[in-house]
A.B. asks: 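Okay, here's the structure, questions in a sec.
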Amino acid sequence: MSAQPFAQPLAEAAGSAAPLAHSLAQPLAASAASLVQSVDWLAVAPPLIAAVVALGVLVADLFLPEDRKNLLGWISVASLAAAALMLLPLLDGDRATFCLTGTGSSTGAARACSYTADHFTLVIQLLVLGGALLAALLSITTLDDDRRRVPPGEFWFLLLSATAGAALLPAARDLATLIVALEVASLPAFALVGIRHGDGRSAEAALKFFLSSVTATAVSLMGVSFVYASTGTLYLTQVAQRLPDTPGQLHTLAQTGVVLTLIGFAFKTAAVPFHFWVPDTYVGAPLPVAAYLSVVGKAVGFSGLILVTVVAFPSYADVWGPALAVLAALTMTVGNVGALRQQATRARSAVRLLAWSSVGQAGYLLVPIAAAGYAKDPQKAIGSTVAYALMYAAVNLGAFAVAAVVGRSRAGNRISDYRGLYATHPVTALLMAFFLLCLAGLPPGIIGLFAKVTVFSAAVDAGLGWLAVLMAVNVVIALFYYLQWTALLFRAPEGEAVRHQIPAPLTAAITLAGVAGIALSGAPQLVLRFAATGLF
């Protein structure tokens, strides 16, 4: 049988299918092209350096002899310093990577990128890397003193991994990257809290921290899934565009997603009533880890909260503005009252007071974010939070560094153990007094006073007069326990004065914190200008 009759119809069919195949191939090619992205390695360098060195430290730990494992600490310190220096080339302008192609001003659509190194990112990364650097200096001495119970290789791997996640989070501009960065910052921190072998208090602290953070993550993920279901995107700028136009049948879903996402981040900021894990976690953790959580952990929570409120959910400011104002009021009040109730002779009362104080300080940090929901210029209000966070990071790490000095000879680390510190270590006592006065907002801690005034001004400008009054009351409450501790430093010691040995890493940490606090006090206006200019 001849195939001739079938040849012509087949040829015609093939010819007619060619234009169809071509038309189908065009959108497929365009889609494939949109998936091709170039990576800006300079923009991602700060978190990337921390992550790469973390893996290198873990591998090196397998080959280094026991008597040379202190090198891992100095390698970690050097890597954190190098990561911080990599922020300098990024000061020229905004850089973004992992972006969707075809978005931007030319198309009239919002810029959709997963990683953005803008001014806000650089300021928070400076805070994170600087805070981690000081915590690492504290850790070198702690590991030398307690090497049998704290494995150095695992410790430095976990610290650098948590820092990499914390440095990634302020650059995240989509909800998926935000949650991943949050977990990369949190999961190693659980292990750091409970890393001390054979310490039941450390294990209990880690468990409480883990359970509260897992709950927060579950709530955040559910909120993010609801937001994605109602908007069809995870990019923060696109979420901000689409939320106001959510269809009526999805409006309730979108509202629920916004509320759940905010609740999840409220856990991370230790806002009341989600603060219950803080005192026991700080007391049970190794002191450098508590210092790290008090500064870097807070930077993670607050930067994430700022991104989801001001960048992603501005159309819901009438929801999160009042909610955060109430949380700020509760947090500062409960934190300061809790610190006020600490007994000077109770074991580890110094660390416990700093823990409750950090809760109270979180309340002050929440005030400008709440004010951004009412203000015409949210960037100015957010700048107050960032400026306050920079002040708090420097002086709070300094206070923890002095606590580490006292804790070397007084294992109980009671507030009463600081009595007469000036008689044996006058410079250390003067710096501790300076740190406490900065936290209280009193001269000569000019940066503390200036930071509180900017936060107070943000509340007044936003019409939150009741919150400003409550903040003033809380500042007066905090003055009592800060001044009480400060006065104790200069009183005559009971019995024979105890001279504390201060190793070089501890001396470096206290010196760096003191220099940072004094420099910030010398030019407080520059701090606010640096923190508030062109955040987003």
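Side chains are part of it too, since the values below use all heavy atoms of this structure and drop only hydrogens, waters and symmetry mates.
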A.B. asks: Taking the side chain as C-beta and beyond, is there a heavy-atom pair between T217 and L221 under 4.5 Å?
C.D. replies: yes
A.B. asks: Verify side-chain contact (heavy atoms from CB on, under 4.5 Å) between V334 and W356, making sure each step is shown before the conclusion.
C.D. replies: CA-CA 8 Å; V334 172; W356 281 107; 4.0 Å; yes
A.B. asks: Judged by atom type as modelled, is there a donor-acceptor pair below 3.5 Å linking the side chain of T177 to the main-chain atoms of R173?
C.D. replies: no
A.B. asks: How close do I49 and A83 get, heavy atom to heavy atom, and via which atoms?
C.D. replies: CD1-CA, 4.1 Å
A.B. asks: List in chain and number order the residues that pass side chain to side chain contact (heavy atoms under 4.5 Å, CB included) with F276, two or more places apart in sequence or in another chain; answer none if no residue qualifies.
C.D. replies: S212, F267
A.B. asks: Is a side-chain donor or acceptor of S357 paired with a backbone partner of G335 at a separation under 3.5 angstrom?
C.D. replies: no
A.B. asks: I want to check something: taking the side chain as every heavy atom from C-beta on, are Y235 and L175 in contact at a cut-off of under 4.5 Å?
C.D. replies: no
A.B. asks: Do L520 and V395 have side chains that approach each other closer than 4.5 Å (heavy atoms only, starting at C-beta)?
C.D. replies: no
A.B. asks: With rounding to the nearest 0.5 angstrom, report the CG to NZ distance, D280 to K208.
C.D. replies: 3.5 Å
A.B. asks: Please report the C-alpha distance between L182 and F265 in whole Å, then the side-chain angles of each, then the deciding distance to 0.1 Å, and finally whether the side-chain contact (heavy atoms from CB on, under 4.5 Å) criterion is met.
C.D. replies: CA-CA 10 Å; L182 192 63; F265 278 97; 4.0 Å; yes
A.B. asks: Of all heavy-atom pairs between T333 and A329, which one has the smallest distance, and what is that distance?
C.D. replies: OG1-O, 2.8 Å
A.B. asks: About how many Å separate CZ of F120 and CG of L307, when rounded to the nearest 0.5 Å?
C.D. replies: 4.5 Å
A.B. asks: I'd like to know if the side chain of Y392 and the backbone of S294 have a donor-acceptor N/O pair within less than 3.5 Å.
C.D. replies: yes
A.B. asks: Do the non-hydrogen side-chain atoms of T252 and T256 ever get within less than 4.5 Å of each other?
C.D. replies: yes
A.B. asks: Within this structure, what is the CG-CE distance for the pair L327 and M332, rounded to the nearest 0.5 Å?
C.D. replies: 11.0 Å
A.B. asks: Could you check whether any side-chain N or O of K452 sits under 3.5 Å from a backbone N or O of L439, counting only pairs where one atom can act as donor and the other as acceptor?
C.D. replies: yes
A.B. asks: How about F210 and F190: are their ring centres within less than 6.0 Å of each other?
C.D. replies: yes
A.B. asks: Which atom names give the shortest non-hydrogen contact between T163 and Y292, and what distance separates them?
C.D. replies: N-OH, 3.3 Å
A.B. asks: Please confirm whether the backbone N or O of A355 pairs with a side-chain atom of S358, one donor and one acceptor, at under 3.5 Å?
C.D. replies: yes
A.B. asks: Aromatic rings W277 and F209: how do their planes relate, parallel, tilted or perpendicular, breaks at 30° and 60°?
C.D. replies: parallel
A.B. asks: Within this structure, what is the CD-CD1 distance for the pair E154 and I195, rounded to the nearest 0.5 Å?
C.D. replies: 6.5 Å
A.B. asks: Before giving the answer on side-chain contact (heavy atoms from CB on, under 4.5 Å), spell out for V258 and L243 the whole-Å C-alpha distance, their side-chain angles and the decisive distance to 0.1 Å.
C.D. replies: CA-CA 10 Å; V258 170; L243 267 181; 4.2 Å; yes
A.B. asks: Is there a side-chain contact between V239 and L234 in this structure, where contact means two heavy atoms from C-beta onward sitting under 4.5 Å apart?
C.D. replies: no
A.B. asks: Could you tell me the separation between the CG atom of L71 and the CH2 atom of W156, rounded to the nearest 0.5 Å?
C.D. replies: 12.0 Å
A.B. asks: Kindly indicate whether the side chain of F313, heavy atoms from C-beta on, has any atom under 4.5 Å from the side chain of T261.
C.D. replies: yes
A.B. asks: Check I447 against C438 and note the closest heavy-atom contact, atom names and distance.
C.D. replies: CG2-SG, 4.0 Å
A.B. asks: Give a yes or no answer on whether the side chain of Y115 reaches the backbone of A43 with a donor-acceptor pair at less than 3.5 Å.
C.D. replies: yes
A.B. asks: Among T233, T231, D174, whose side-chain hydrogen bond (donor to acceptor under 3.5 Å, both in side chains) with Q238 holds?
C.D. replies: T233
A.B. asks: Would you say T385's side chain and L365's backbone share a donor-acceptor pair under 3.5 angstrom?
C.D. replies: yes
A.B. asks: side-chain contact (heavy atoms from CB on, under 4.5 Å) between L178 and L169: does it pass, once the steps are laid out?
C.D. replies: CA-CA 6 Å; L178 201 63; L169 191 138; 4.0 Å; yes
A.B. asks: Rounded to the nearest 0.5 Å, how far apart are CG of L160 and OG of S79?
C.D. replies: 4.5 Å
A.B. asks: Can you confirm whether L72 sits close enough to F155 that some side-chain heavy atom of one is under 4.5 Å from a side-chain heavy atom of the other?
C.D. replies: no
A.B. asks: If we ignore hydrogens and angles and just use 3.5 Å, is the side chain of S225 paired with the main-chain N or O of M222 as donor and acceptor?
C.D. replies: yes
A.B. asks: Output all residues satisfying side chain to side chain contact (heavy atoms under 4.5 Å, CB included) with T309, sequence neighbours left out; order by chain, then residue number.
C.D. replies: L262, L305, W320, L324, I369
A.B. asks: Is there side-chain contact between V184 and V180, with heavy atoms separated by less than 4.5 Å?
C.D. replies: yes
